[in-house]
Every structure is written in C-alpha cells, then in structure tokens.
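Just below is one structure, and these are the notes that go with it.
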Protein chains: 2
Amino acid sequence: MTSTAPRRGRRPGAPDTRAAILVAARELFAASGFAGTTIRAVAAAAGVDAALVHHYFGTKDDLFLAALEVRVDPRVVLAPVADGGVDGAGERLLRVFLSVWDDEDTRLPLLGIFRGIVEPTGAQLARDGFMRMVLGPLAAALGIDEPEQRMALVASQLVGIVVLRYIVQVEPLASMPGDRLVATYAPTLQRYLDGPLQ
Amino acid sequence: MTSTAPRRGRRPGAPDTRAAILVAARELFAASGFAGTTIRAVAAAAGVDAALVHHYFGTKDDLFLAALEVRVDPRVVLAPVADGGVDGAGERLLRVFLSVWDDEDTRLPLLGIFRGIVEPTGAQLARDGFMRMVLGPLAAALGIDEPEQRMALVASQLVGIVVLRYIVQVEPLASMPGDRLVATYAPTLQRYLDGPLQ
DNA sequence: GGAGTTATTCACCATATGTTGAATTATGCT
DNA sequence: AGCATAATTCAACATATGGTGAATAACTCC
C-alpha cells in the first residue's frame, strides 16, 4: 500500500497552498469569529500543518486581517446608489447590498468583519470606521438631513437582514430571491432615508 | 498592616457569593459571548477562586445555561401585544421589546442568548426555538397571514436594533429615548405585520 | 548536476483553560 | 462544646492554543 500521509518537506507540483489557507481562514472566521477560530483548525481545513499558517501569515491577528481583506471599494460600489439622488435610493442601496452579500467571495470577509464588530475584541475602530467610511459618505452624497440618525436606521435594518439571512439563516428570508427581498425592504429604507423621522 | 488577601476556607458573614458569581457570569457572557468568556475571568470578576464557580455551577455549559435564565415569560409579556389585534400591534410590540431590553436585569441574559445564537457553538436549538417560542405564538395570536415571512421581517428589524443600540451602541440610536424609538420604528413593524408584502 | 531558495512538517515551549480533589475555615445544629 | 456541613482556596492535571526553530524535500537557476 502506498502511503498517502503527507511526507515532510515541500510537496510536488505547484499547489497554491497559501491561497488554500486563506480560503479556509475566511470560512472559519466567517463561521466562528476570531476567538472561535483556532490556527490549528484553519490548518486542518487547508490540509496543512499549523506552522505553515504562521509561515505565510505571521501572527493570528495578521491572518485575521488578511482574511478580512475585501476586494470591494465601498466608494465605487456605492457610487451608483448616490448618483441617482434620494429618489429610489432605498431600492438601489438594497441591490448593491445584495450584490455584495449574495456573492460568496465577498460575503465571507464581510461576515468576518461583522463578527469582529460584534465581538468585543478590540474592534472599536471598526465600529466607528464602518459608519464613517461606508454610510457617512453615502449620506453626504445623497444630501439628506440628520445623516447620523437616518443612516443608523438604515444600518439597523441592513444588519438585521445580515443576521437573519446570512448568519442564522432563518427561512423564508435565507432563500428569498433577491428581487423579492428588494421589493419587501425598499419602502422601509426609503422611509428611513427621506421620510418623516417620527 | 492587616492582610486583606482572601484567606483560605469559608468567609465570615453570609455573603451571597453564588449570586455574585451569577451576576459576573451574566455580564461577561453578555459582553464577550461563550467562547470569549473564561471561568477564571468570571471568578475574578466575582472576587472568588475559579474552583468555586465549578462548585456552584458544575461545568461551563451549565454556568452558561444558568446565566441565560430569563425571568420573563414571553407569553405573559406578549399577551397585551396580541390582545389588541393587529391594529397598533407594531407599536405595542416595540414597547414590550424596549421594556425588556432597556432593563439591565433582563438585557444581560438576553444578550447572552443573542450571542449564543450568533455564535456557532451548538445553539442550533435556540435558532429554531426562538422563532417558534416567541414570534410564532405572537403571529398566531395576531392571526396574520404568511406568519413565517412576516415574523422574519419583524425579527430582522428588531435584531438590527439590538445590534446597533445594545451591542455596538451606535449613536444616536443607543441614547435615543424609548418613545422616540417607538415612533420611528412602529410604522415599519406595522407594515411588516399587515401591510403589502411586496 | 550542484547551489540556493522556498515549501512543508516535526518537535517543542510557554501559556491559558476547564476541571478535580484535598485542605482549611466558618456556620449551624444538638 | 462538639460535630456535621457548607463555603472557600490551593495545588495540580490534562488538554488546547499561539508561536518558534530546526530538519527535510521539492523547485529554480546556473
């Protein structure tokens, strides 16, 4: 019988093990958060020794940061939302939101970021930063009044969708087609953006 | 100088150390979740040796369950919401929601439960159970159509409020007076309960 | 084909964590 | 006063974890 156990030393061929580790890290951080993910679990998921994770990505914090890298520039993605003015901005925002969250490649890092924000582990900077970097500019571009409050309302609805649709995966929200979801939530977001505040 | 270090053995007086441990556990689980909370941290917060935590509450899972005990019966609290029928149910639901979440005694266990649901650690039963125990009966009492979907919409907004107001504590939501919050969100919930679905 | 570089694993280390059992002190009952 | 019981800490164990350094194997380039 031929031994299938991984021998020591470099493997034959040109496997992109670094990428495999990154994929595994994204999935685990997205599923279990920072504290709940161990380097050894990442290594096991990538079929690799734990030391190799350190070899490629230094400390665990570094790996977390690398796994959280989103290849989406919020300003670019949000531009079409802001361009059309306030009218219909709720619906356009929802479409952009879904295009990013329904794509697994972007969802996994975003889930990691979300878990990082919800966890208490030194994500203080993310807490403020997210508002200021994503929703703040959008509010400015839309030129709405009381931007902090309106954006907090918008965020509260979007965050709820994230939790129920992507984390807890409550039906029928988890399987609802994007168009239907947009149609359902657009009036809410639109009211938060330009409706009466109370 | 008199030694203030805790000597060995039973302490004089009748301190309710068990209760102190439970309070500390509630706060830490609420703030840091299950994985992020260590028995030693709970013990330190209660000014007690770690072994005493085990003495009173067995394993860490047992302590978690004990800390999550909510002294609120959902059926009792939700009764007035359901009694008035669908009209104004959104506003009444929000008032009950705030009365429970703005009270620290009930908020801490609820935060623990929430973190348990969001964390992946075997909270599968909580995921379904919460819907079926809290929102399901409410939907039945209100006699609305498509209860699963409407309740998921309601939950998505309420969960978003929990995250922004009580966990991340985003202003101005975190400090917003209850009345204002009710007035702001009531139309949304009411539409989810009896408005058109798309 | 030999030298250097890179990829990969193994064997450890220090620390943290959940948990247990014995030892010590106070309280309560008789 | 004396004894059982409860409360509390100490010491320790087994395990898991993040991290490091050396050893081994494959690849690259001359």
Side-chain angles (χ1 to χ4, degrees), chain A residues 2-25 28-29 31-68 112 116 119-122, chain B residues 2-25 28-29 31-68 112 116 119-122:
Chain A
T2 61
S3 162
T4 57
R7 299 198 327 277
R8 211 172 182 178
R10 185 170 191 161
R11 295 178 186 175
D16 196 349
T17 319
R18 202 193 123 101
I21 294 174
L22 202 54
V23 167
L28 288 180
F29 280 134
S32 310
F34 182 81
T37 299
T38 75
I39 296 259
R40 280 167 165 84
V42 171
V48 148
D49 188 274
L52 197 57
V53 179
H54 286 111
H55 173 64
Y56 280 122
F57 301 95
T59 171
K60 186 184 179 184
D61 296 38
D62 298 338
L63 176 64
F64 190 56
L65 287 184
L68 260 46
E119 277 182 27
T121 337
Chain B
T2 61
S3 162
T4 58
R7 296 198 328 277
R8 212 171 181 180
R10 185 169 189 157
R11 294 178 188 175
D16 196 349
T17 319
R18 203 194 120 100
I21 293 174
L22 203 54
V23 167
L28 288 180
F29 280 133
S32 309
F34 182 81
T37 298
T38 75
I39 296 260
R40 282 170 164 84
V42 171
V48 150
D49 187 275
L52 197 58
V53 178
H54 285 109
H55 174 66
Y56 280 123
F57 301 94
T59 171
K60 187 184 178 183
D61 296 37
D62 297 338
L63 176 65
F64 191 54
L65 288 183
L68 260 46
E119 277 181 27
T121 337

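The sequence lines fix the lettering, A, B, ..., with proteins before strands; numbering per chain opens at 1.
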Measure the distance from OH on Tyr56(A) to C1' on dT5(C) and round it to the nearest whole Å. 12 Å
Between atom NE2 of His55(A) and atom OG1 of Thr17(A), what is the distance when rounded to the nearest 0.5 Å? 10.0 Å
Rounding to a whole Å, what distance do you find between Leu52(A):CG and dA23(D):C1'? 15 Å
Spacing of Asp62(A) atom CG and His54(A) atom NE2 [to the nearest 0.5 Å]: 9.5 Å
So, the side chain of Thr37(A) versus the backbone of Leu28(A): is there a donor-acceptor pair under 3.5 Å, distance only? yes
Would you kindly give the NE2-to-P distance between His55(B) and dA23(C), to the nearest whole Å? 17 Å
Protein-nucleotide distance (Asp16(B), atom CG; dA6(D), atom C1'), rounded to Å: 14 Å
Sequence-aligned protein contact record of nucleotides 17-22 of chain C, with B where the base is within under 4.0 Å of a protein heavy atom and S where only the sugar-phosphate is: BBBBBB
Counterpart residues, side chain to side chain contact (heavy atoms under 4.5 Å, CB included), relative to Asp61(B) (two or more places apart): Phe34(B), Thr59(B)
Going by side chain to side chain contact (heavy atoms under 4.5 Å, CB included), name the residues that satisfy it together with Ala25(B), two or more places apart in sequence or in a different chain. Phe29(B), Val42(B), Leu63(B), Ala67(B)
Between CD1 on residue Ile21(A) and CD1 on residue Ile39(A), distance to nearest 0.5 Å: 9.5 Å
What is the separation between atom CG on Leu63(A) and atom C1' on dG18(D), rounded to the nearest whole Å? 12 Å
